[in-house]
Amino acid sequence: QVPTEQMAQVVEAVGGPLVYKKIPVAKPGPDEVLVHIKYSGVCHTDLHAMMGDWPIAPKMPLVGGHEGAGVVVARGALVTDADVRLGDHVGVKWLNGSCLACAYCQAADEPLCGAAALSGYTVDGSFQQYCVAKAAHVARIPRECSLEEVAPILCAGITVYKGLKESGAKPGQSVVVAGAGGGLGSLACQYARAMGLRVVGVDTGPEKRALVEGYGCDFVDFAASEDLVADVRARTPGGLGAHAALLVAVQEKPFQQATQYVRSRGVVVCIGLPADAHFKAPVFDTVLRMIQVRGSYVGNRLDSAEAIEFYRQGLIKVPFKTVGLSELPAVYDLMKAGKITGRYVLDTSR
Ligand code: 8ID
Ligand code: ZN
Ligand code: ZN
């Protein structure tokens with residue numbers, strides 16, 4: 001039976017505090033499901049939301065989280081068995097819902113929907129034991145997948161998988177992942193390898209280096225390198241530069257460097273969202289080398305299913321550590337210090 005109260009991590013105001021406390025369990029609307037969240041990944045976006053880093057204001061008080069893996073325990077009247085059943089394993093992802101009617105939704109570009117509801121930002125997310133989401137948008141998780149390990153796929157995996165598609169990079173070509181040892185980056189390295197790409201990961205420290213090299217990728221330590229652009233280029237085919245770059249770091253600097261280490265006609269894909277950051281590139285060089293710059297924002301429902309399928313097939317191993325939901329503040333401290341290799345997953349039962 002579904003309880004009326006539950007434990008949650010609640011951001012009381014922009015900047016904090018974060019309070020672990022009892023709150024009511026929400027009721028699903030007619031087109032929604034209630035998901036008993038078992039595990040939730042912690043994305044850097046959740047920290048951005050709490051700190052008010054971005055130009056769109058999050059709801060307050062806020063329950064963050066958008067990598068929630070769990071079990072459907074209640075459904076609204078309009079949700080049919082052909083759609084989602086009670087007991088199904090599903091994921092609450094960043095896109096909690098979208099209007100399904102606008103031109104973007106019609107074209108399956110639902111992340112661009114002007115009326116999109118965002119988990120852990122405009123609506124309460126997965127840092128609670130029971131979370132509501134639109135039935136149409138919850139990710140379908142196959143039974144054989146571990147809910148604990150699949151959780152980070154629900155944002156980090158989907159986002160980097162989509163970003164790699166947007167990069168246009170083809171098997172045999174090369175891609176740079178800036179921020180390679182973090183949550184998105186460590187998955188980006190693996191999705192890229194699974195797609196037959198050569199990878200140069202950029203991040204810092206021996207732990208992140210070991211993880212990235214373990215995926216069969218080259219590594220450049222941005223803190224140790226005296227000429228990052230030259231060091232990255234030297235690791236690309238013929239030293240010409242990479243076919244694409246995926247920027248998943250939480251600093252502005254890599255956004256300035258990427259146009260210089262991609263080859264002519266290279267594609268720079270912006271994904272990371274550092275506060276107050278601007279993208280700057282020399283116009284002359286961008287024109288004469290025909291550089292392309294793109295943004296990539298999570299993924300649609302099919303991208304989500306495909307990203308999960310890569311995981312189900314064993315092509316992706318999520319590098320995660322699990323702690324209790326009650327320990328979220330300590331995870332944020334490590335995240336602020338850039339000390340997380342891979343991803344933290346929260347167990348909502350403790
Ligand atoms: O849809 C989207 N576009 C989307 C989806 C999900 C997340 C965007 N994001 C954004 C987040 O909001 C965040 O800004 O992607 C960014 C990365 O999220 P994350 O992977 O969850 O963050 P992390 O685990 O803290 O990893 C960041 C890594 O960047 C490295 C750090 O060492 C860390 O490993 N890094 C930094 I900070 N500066 C770097 C630099 N100059 C760097 N790596 C290379 N060069
Ligand atoms: Zn995220
Ligand atoms: Zn829409």
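Both ligands and their constituent atoms are indexed starting at 1 by order of listing. The structure presented is a predicted model; accordingly, all values stated were derived computationally and were not measured.
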Checklist entry - Tell me, which protein residue and heavy-atom name are nearest atom 13 (C) of ligand 1, and how many Å apart are they? => result H48 NE2, 3.5 Å

Checklist entry - So, does E149 use its side chain to make a donor-acceptor pair with the main chain of V318 at under 3.5 Å? => result yes

Next on the checklist: Just to check, does Y344 reach to within less than 4.0 Å of ligand 1 when the distance is taken from its heavy atoms?
Outcome noted: no

Next on the checklist: With nothing but distance in play, are any N or O atoms of L184 less than 3.5 Å from an N or O of ligand 1?
Outcome noted: yes

Item to check | Close approach of T204 to ligand 1, heavy atoms, under 4.0 angstrom | outcome: no

Item to check | Proximity flag A156 to ligand 1, non-hydrogen atoms under 4.0 Å | outcome: no

Checklist entry - If we only count N/O pairs under 3.5 Å, is G182 in contact with ligand 1? => result yes

Checklist entry - For N96, does its backbone N or O pair with a side-chain atom of H137 as donor and acceptor, under 3.5 Å? => result no

Next on the checklist: Ring-plane angle category for W94 and H66, please: parallel below 30°, perpendicular beyond 60°, tilted otherwise.
Outcome noted: perpendicular

Checklist entry - Under 6.0 Å from the CZ atom of R294, do we count more than 12 heavy atoms belonging to anything else shown? => result yes

Next on the checklist: So for ligand 1, is I271 a polar contact partner (N or O within less than 3.5 Å, distance only)?
Outcome noted: yes

Checklist entry - According to the interplanar angle, ranging from 0 to 90°, do the rings of Y130 and H36 count as parallel (below 30°), tilted (30 to 60°) or perpendicular (above 60°)? => result parallel

Checklist outcome for this item: K208 heavy atoms within 4.0 Å reach ligand 1 at atoms 31 (C), 32 (O), 33 (C), 34 (O)

Checklist entry - Of the listed options (V202, L247, V248), which comes nearest to atom 17 (C) of ligand 1 when hydrogens are ignored and any heavy atom counts? => result V248

Checklist entry - Which heavy-atom pair separates Q129 from S349 by the least distance, and what is that distance? => result NE2-CA, 4.2 Å

Next on the checklist: Is it the case that the side chain of R289 and the backbone of V262 share a donor-acceptor pair, with hydrogens and angles ignored and the cut-off at 3.5 Å?
Outcome noted: yes

Checklist entry - Short list, please: which atoms of ligand 1 are under 4.0 Å from a heavy atom of W54? => result 12 (O)

Item to check | Contacting atoms of ligand 1, where contact means under 4.0 angstrom from a heavy atom of P254 | outcome: 40 (C), 41 (N), 45 (N)

Item to check | Whether Q9 side chain and G64 backbone form a donor-acceptor pair below 3.5 Å | outcome: no

Checklist outcome for this item: Among V177, V160, V42, T45, closest by heavy atom to atom 11 (C) of ligand 1 is T45

Checklist entry - Is there a donor-acceptor pair under 3.5 Å between the side chain of D203 and the backbone N or O of F219? => result no

Item to check | hydrophobic_cluster_shared for M195 and V267, side chain cutoff 4.5 Å | outcome: yes

Checklist entry - ligand 1 and F222, any nitrogen or oxygen pair closer than 3.5 angstrom? => result no

Checklist entry - For E213, does the CD atom have more than 12 heavy-atom neighbours from other residues, nucleotides or ligands under 6.0 Å away? => result yes

Item to check | Nearest neighbour in protein (non-hydrogen) for atom 1 (O) of ligand 1 | outcome: V298 N, 2.7 Å

Item to check | Closest heavy-atom pair and its distance - L346, G324 | outcome: CD2-O, 3.7 Å

Item to check | Heteroatoms of the protein, restricted to N/O/S, which lie under 2.8 Å from the Zn ion (ligand 3) | outcome: C99 SG, C102 SG, C105 SG, C113 SG

Checklist entry - Would a hydrophobic clustering, with Ile, Leu, Val, Met, Phe, Trp and Tyr connected at side-chain separations under 4.5 Å, put Y39 with I308? => result yes

Checklist entry - Any donor and acceptor pair, going by atom type alone, linking the side chain of T348 with main-chain N or O of Q128 inside 3.5 Å? => result no

Item to check | Pair K38 + E148: basic N to acidic O under 4.0 Å | outcome: no

Checklist entry - What is the closest protein heavy atom to atom 41 (N) of ligand 1, and at what distance does it sit? => result Q251 OE1, 3.1 Å

Checklist entry - For atom 6 (C) of ligand 1, what is the nearest protein heavy atom, given as residue, atom name and distance? => result C155 SG, 3.4 Å

Next on the checklist: Which residue and atom name correspond to the protein heavy atom nearest atom 15 (O) of ligand 1, and how close is it?
Outcome noted: G272 CA, 3.4 Å

Item to check | Distance below 2.8 Å from the Zn ion (ligand 2): protein N/O/S atoms | outcome: C43 SG, H66 NE2, C155 SG

Next on the checklist: Test of understanding: clusters of I, L, V, M, F, W, Y form through side-chain heavy atoms closer than 4.5 Å, transitively. Do L197 and L184 belong to the same one?
Outcome noted: yes

Item to check | Nearest-0.5 Å distance, OG of residue S98 to NZ of residue K134 | outcome: 9.5 Å

Checklist entry - Does an N or O from K253, backbone or side chain, lie closer than 3.5 Å to an N or O of ligand 1? => result no

Item to check | Under 3.5 Å: N/O of R343 near N/O of ligand 1 | outcome: yes

Item to check | Identified salt bridge (Lys or Arg N to Asp or Glu O under 4.0 Å) counterpart of R75 within the set D88, D83, D81 | outcome: D81

Item to check | Salt bridge flag under 4.0 Å for residues K59 and D124 | outcome: yes

Item to check | Charged N-O contact under 4.0 Å between K21 and E12 | outcome: yes

Item to check | Candidate with minimal heavy-atom separation from atom 34 (O) of ligand 1, of I158, L95, D203, T159 | outcome: D203

Checklist entry - Would you say ligand 1 has an N or O under 3.5 Å from any N or O of L273? => result yes

Checklist entry - Nearest to atom 27 (C) of ligand 1, what protein heavy atom do you find, and at what distance? => result V250 CG2, 3.8 Å

Next on the checklist: Measuring from atom 42 (C) of ligand 1, which candidate in G338, A249, G183, G201 has the nearest non-hydrogen atom?
Outcome noted: A249

Next on the checklist: Among all the protein's non-hydrogen atoms, which is closest to atom 25 (O) of ligand 1, and how far away is it?
Outcome noted: H44 ND1, 2.7 Å

Next on the checklist: Could you go through T322 and R350, starting from their C-alpha distance and side-chain angles, then the distance that decides it, and tell me whether this counts as side-chain contact (heavy atoms from CB on, under 4.5 Å)?
Outcome noted: CA-CA 11 Å; T322 305; R350 55 189 168 103; 3.9 Å; yes

